[in-house]
Amino acid sequence: MDSNKIKNLAFGARDALRAEVAARIDAVLEPGSPERLDQPEKTRQLEAAIDDKGMDAVVESTAYTWFNRLCALRFMDAKGYTPVPVVTPRRGATQPAILADAAEGIFDPDFGFSRLVRDRVQSVLTGGSGSGANRTEAAYGELLVAVCDRYTEAMSYLFGEAAASSLVMPQGLLAEDSILSRIVEEMDDEECETVEVLGWLYQFYVAERKAEFNASGDKATADDIAPATQLFTPDWIVKYLVENSLGRLWMLNNPGSLLADRMDYYIAPEGETEDFIKVYSPEELTLCDPACGSGHILVYAFDLLFEIYQEEGYFPEDIPALILQNNLFGMEIDGRAAEIAKFALEMKAREKDPAFFEKNIDANVTVLEPVKFEPGALAGAGPLAGATELLDAFEHMTEVGSLYVPAPGDMAAVDNAIVNLSEGDLFGMSMLKKLRTMKGVLEALSRRVDCVVANPPYLGSGHFNSYMSNWIKREYPDEKGDLCTCFIRRGFGLATAYGYSSMVTMQAWMTQGTYAKRYLKLTASSEWHISEHMHSIR
């Protein structure tokens with residue numbers, strides 16, 4: 001992959017898309033706008049999102065999701081996963097193939113477009129209602145919305161209306177210098193050989209914001225933490241971490257396995273083998289990345305697991321679904337990065353199983369999103385109303401993330417509140433949505449796995465805001481100097497007894513006196529073999 005090409009594509013895309021989306025929102029929300037008349041429900045949903053999250057947050061997330069959608073569709077075109085290329089012209093043509101076909105009255109049946117969609121597109125192309133000044137652009141917009149609807153069931157996190165409203169789709173996509181033309185040009189077939197291209201794109205997309213934060217010396221706000229700590233891990237480091245945790249566990253259970261021949265960075269244990277988890281089937285292996293970013297570690301773990309399943313005689317077309325349902329788990333505070341992680345895993349699954357999209361299986365990547373309740377909203381919700389630490393942590397979930405360790409009564413308090421809440425009105429439905437979000441996050445945070453593998457976020461305590469500083473001093477008193485060190489500690493709690501915690505770390509955690517107290521506590525426990533299970537790469 002040519003990183004310079006990908007960097008050039010991402011450079012400036014964020015500012016351009018933000019400006020385009022902001023302008024579209026202003027136009028849509030004008031009194032008497034066509035969207036208010038033709039699509040009142042979608043307009044109300046857009047207004048509700050702005051009221052809930054604020055204009056800047058909606059602009060930021062919508063701009064990136066449309067960028068991610070267009071890049072994802074380009075990737076799917078290049079791999080032949082779309083029935084007809086959606087954003088890519090055929091050789092020698094200038095218009096996307098799906099639009100060129102529509103102009104000829106051709107709609108591939110595999111897209112499943114309804115008669116209403118087909119008639120609408122043809123009406124716009126011939127200058128009918130809704131065509132506007134540029135019939136071709138308007139028709140392409142209709143086709144893109146229909147394609148997003150087509151993939152919503154399989155990938156709602158990326159293509160659903162809740163992810164980004166179709167009302168504020170970037171305009172001028174068919175122009176010669178548009179963001180779409182840049183995507184098609186820079187994301188050529190060679191760049192799309194591996195799905196990791198989307199992870200690199202995201203790192204470059206947020207690079208300017210990251211540089212601004214690092215140069216500022218400011219305390220990190222909740223919105224700063226994800227871009228400030230985002231780092232795409234190089235291939236060789238990912239392979240080393242995964243092969244010497246997941247791969248090692250499989251080899252200890254299956255000494256005759258040929259998997260070792262396919263692991264370039266695997267280090268076979270010498271001498272007496274330590275105690276290890278007994279695994280009788282590939283379906284029992286579990287791995288979690290608690291700060292998974294765009295999913296690079298999970299994607300390589302998928303490849304390794306596929307080899308393991310094949311070695312055990314599973315049918316190749318059955319393996320992807322088993323891996324995503326049983327083996328791999330990710331957590332991430334950045335919803336945009338989590339979109340890529342899910343998409344990347346599902347593209348790996350589609351590569352192995354042509355029917356995967358029809359199975360509607362989601363990758364287990366949990367967005368650790370904040371949940372906040374208005375004063376008095378939880379009156380009558382039972383024990384949850386008094387669960388101060390739990391509610392406080394969820395209000396600041398983008399700051400504490402997977403470092404939060406659920407207390408024994410947390411899940412019961414949320415379950416009790418869900419049972420006692422009525423769905424009879426909009427307020428009750430809104431509350432239930434928040435409570436179910438909490439439940440999903442708590443389930444992810446409570447899960448223990450065989451292998452915890454991560455390149456944890458690096459942020460020194462000098463950048464902690466006041467909330468983070470106080471919370472981390474209280475919850476991680478021996479590791480409070482850096483987020484990375486806190487994640488080392490948390491990794492041991494996420495792993496089962498005799499499991500592996502395989503992380504990129506600073507060497508200093510093993511030598512500086514400030515960490516000696518915690519290190520001695522951990523080595524005194526018989527269930528950890530830290531010197532072998534922690535891999536320090538710096």
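This is a predicted model, so every value here is computed, not measured. Residues take their numbers from the sequence shown, with the count starting at 1.
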Shortest non-hydrogen contact between [X] and [Y], atoms and distance:
X: V365; Y: A338; result: CG1-CB, 4.0 Å
X: E369; Y: V441; result: N-CG2, 4.5 Å
X: P282; Y: N327; result: O-ND2, 2.9 Å
X: L459; Y: F464; result: O-CE2, 3.3 Å

Given side chains that start at C-beta, do those of [X] and [Y] come closer than 4.5 Å, heavy atoms only?
X: I225; Y: T398; value: no
X: F213; Y: D223; value: no
X: M251; Y: Y266; value: yes
X: I319; Y: K352; value: no
X: D362; Y: K342; value: yes

Exercise. Run the numbers on Y81 and M347 for side chain to side chain contact (heavy atoms under 4.5 Å, CB included), then give the verdict.
Key: CA-CA 9 Å; Y81 298 161; M347 290 305 101; 3.8 Å; yes
Return all side-chain donor-acceptor pairs below 3.5 angstrom for residues 403-414, not counting sequence neighbours, or 'none' if the list is empty.
residue : atom : partner : partner atom : Å
Y404    : OH   : D410    : OD2          : 2.6
D410    : OD2  : A407    : N            : 2.9

In Å, rounded to the nearest 0.5 Å, how long is the span from [atom1] of [X] to [atom2] of [Y]?
X: C451; Y: W250; atom1: SG; atom2: CH2; answer: 12.5 Å
X: K372; Y: E374; atom1: NZ; atom2: CD; answer: 6.5 Å
X: Y314; Y: S281; atom1: OH; atom2: OG; answer: 3.5 Å
X: T233; Y: I297; atom1: OG1; atom2: CD1; answer: 5.0 Å
X: S61; Y: E339; atom1: OG; atom2: CD; answer: 8.5 Å

Practice problem: With sequence neighbours left out, write down each residue that passes ring-ring contact (aromatic ring centres under 6.0 Å, His included) with Y205, or none if nothing qualifies. | Solution: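 So Y205 forms a ring-ring contact (aromatic ring centres under 6.0 Å, His included) with Y64, F67.
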Exercise. Check ring-ring contact (aromatic ring centres under 6.0 Å, His included) between F487 and all other residues, then give those that pass, not counting sequence neighbours.
Key: none
Quiz item: Could K278 and F276 be counted as a cation-pi pair, given that NZ or CZ must be under 6.0 Å from the ring centre and within 45° of the axis?
Solution: yes
Exercise. Apply side chain to side chain contact (heavy atoms under 4.5 Å, CB included) to T496 and D450, showing your working.
Key: CA-CA 6 Å; T496 56; D450 302 328; 3.8 Å; yes
Self-check item: Any pair counted as salt bridge (charged side-chain N to carboxylate O under 4.0 Å, His left out), so long as it reaches residues 306-323, sequence neighbours left out
Solution: R262-E307, R262-E311
Quiz item: What pairs of residues pass the salt bridge (charged side-chain N to carboxylate O under 4.0 Å, His left out) test when at least one of them lies in residues 53-67, not counting sequence neighbours?
Solution: R14-E60, R18-D56, R18-E60, E60-R336
Exercise. Decide yes or no on salt bridge (Lys or Arg N to Asp or Glu O under 4.0 Å) for R489 and D478, but give the supporting numbers first.
Key: CA-CA 9 Å; R489 175 60 185 168; D478 297 322; over 6 Å; no
Exercise. Taking the six-membered ring for Trp and the full ring for Phe, Tyr or His, determine whether the centres of Y265 and Y240 are under 6.0 Å apart.
Key: no
Exercise. For the residue pair F357 and Y151, categorise the inter-ring angle as parallel (less than 30°), tilted (30 to 60°) or perpendicular (more than 60°).
Key: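 Plane angle over 60°, so perpendicular.
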May I have the list of side-chain donor-acceptor pairs in residues 298-306 shorter than 3.5 Å, sequence neighbours left out?
residue : atom : partner : partner atom : Å
Y300    : OH   : E243    : OE2          : 2.5
D303    : OD1  : K348    : NZ           : 3.0
D303    : OD2  : K348    : NZ           : 3.4

Exercise. Decide yes or no on side chain to side chain contact (heavy atoms under 4.5 Å, CB included) for K42 and S166, but give the supporting numbers first.
Key: CA-CA 8 Å; K42 286 187 178 181; S166 58; 3.0 Å; yes
